[in-house]
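Everything quoted here is computed from the prediction, not taken from an experiment. Just so you know, ligand 1 is whichever comes first in the structure, and atom 1 is the first atom listed for that ligand.
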Amino acid sequence: MTIQTVGIIGAGTMGNGIAQACAVSGINVVMVDISDAAVQKGLATVAGSLDRLIKKEKISAADKDAALARIKTSTSYDDLKAAQLVIEAATENYELKLKILKQVDALVGPEVLIASNTSSISITKLAAATSRADRFIGMHFFNPVPMMALVEIIRGLQTSDATHDAVKALAEALGKSPITVKNAPGFVVNRILVPMINEAFFVLAEGLATPEDIDAGMKLGCNQPIGPLALADMIGLDVCLAVMDVYLTEFGDSKYRPCPLLKEMVAAGRLGRKTGQGVYSY
Ligand SMILES: NC(=O)c1ccc[n+]([C@@H]2O[C@H](COP(=O)([O-])OP(=O)(O)OC[C@H]3O[C@@H](n4cnc5c(N)ncnc54)[C@H](O)[C@@H]3O)[C@@H](O)[C@H]2O)c1
């Protein structure tokens, strides 16, 4: 199946980023959100991002106009009928996603593929809630989407080879480097990344080194662009803790126990950059 038009549900951080990546690669987009204000904000974000690319001489003004002309915005799911693939990138909430996916499943043709950009919800479980589990898949883009090369393509237990191959080909057409992953909590990247951050909090709590030295160690010794504690401040300590709690519950393995210092800091409201104080002060 060739995908010429992609429907995107949610015009937020990820939705508008996916819309931009598609539009600059010549794919038509229908971007849907709950209000005009939300879709207009999403579209303005794409326009601003394309302006920065013009300044950097990566694209021309004509490229920007052509990309924007490929993005249709709407507040009606009916407009998703034009798509061969619908990517759900709405707020991370299981009940909400279930409602959206059931609605889309009932609306679009049986041949249409549906993907979710969820970071933490089981693709197998979401697929089972639709009438097309074999045509359902995870497409986990990374933020900021236009800059980040990786897409984790997550196969639910039911996902067919044809669905996987079509979605992988689309990711490549967007200039991305997809990796194929079986469904499991955290998929691959976050499964490794978040426990590493949690371990950095254990190292800090044990007083083995200062935060600055822990981060410098991982940057200089492992070639990481940012240290794990500074990264935790960017992601949000509450998000890191919530992810560890999911791993602990889902795997039932004590190796995923959240560091008590991480829990203390979240309880104190020291969530990182967004609250002005995390491991570091902002
Ligand atoms: N932000 C990240 O770094 C990141 C990275 C990878 C994956 N994700 C995942 O991507 C998804 C979206 O995250 P985000 O950061 O873009 O969130 P966001 O809050 O920026 O955007 C979510 C958008 O969904 C819209 N929405 C809510 N209910 C809707 C509905 N019923 N129909 C249509 N639109 C609806 C909201 O109005 C909002 O514009 C989540 O599942 C998240 O876990 C996020």
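Between the choices N16, T13, N117, I8, the shortest heavy-atom distance to atom 20 (O) of ligand 1 belongs to T13. Nearest residue to atom 41 (O) of ligand 1 from Q103, E92, M148 is E92 (criterion: closest heavy atom). Looking at S119, A90, G138, it is A90 that brings a heavy atom closest to atom 40 (C) of ligand 1.
Given atom 35 (C) of ligand 1, the protein heavy atom at minimum distance is D33 OD1, 3.7 Å. Annotation: atom 27 (C) of ligand 1 to nearest protein heavy atom, T91 OG1, 3.3 Å. Atom 32 (N) of ligand 1 has as its closest protein heavy atom Y77 OH, 2.7 Å.
Checking side-chain atoms of N16 against main-chain N and O of A11 turns up a donor-acceptor pair under 3.5 Å. Put simply, the side chain of D79 never gets that close to the backbone of V32: no donor and acceptor are under 3.5 Å apart.
Listed by first and then second residue, the ring pair (Phe, Tyr, Trp, His ring centres under 6.0 Å) pairs that reach into residues 147-194 are H140-F187, sequence neighbours excluded. Contacts classified as side-chain hydrogen bond (donor to acceptor under 3.5 Å, both in side chains) and involving residues 47-57 (residues at least two apart or in different chains) are given here: Q20-S49, D51-K64.
Residue contacts with ligand 1 do not include F142, since none of its heavy atoms lies under 4.0 Å from the ligand.
Using a 4.0 Å cut-off between charged side-chain N and carboxylate O, E92 and K97 make a salt bridge. The residues D63 and K58 are annotated as not salt-bridged, no charged nitrogen and carboxylate oxygen being separated by less than 4.0 angstrom.
There is no protein heavy atom less than 4.0 angstrom from atom 17 (O) of ligand 1.
Only side-chain heavy atoms of N143 come within less than 4.0 Å of ligand 1; its backbone N, CA, C and O stay farther off.
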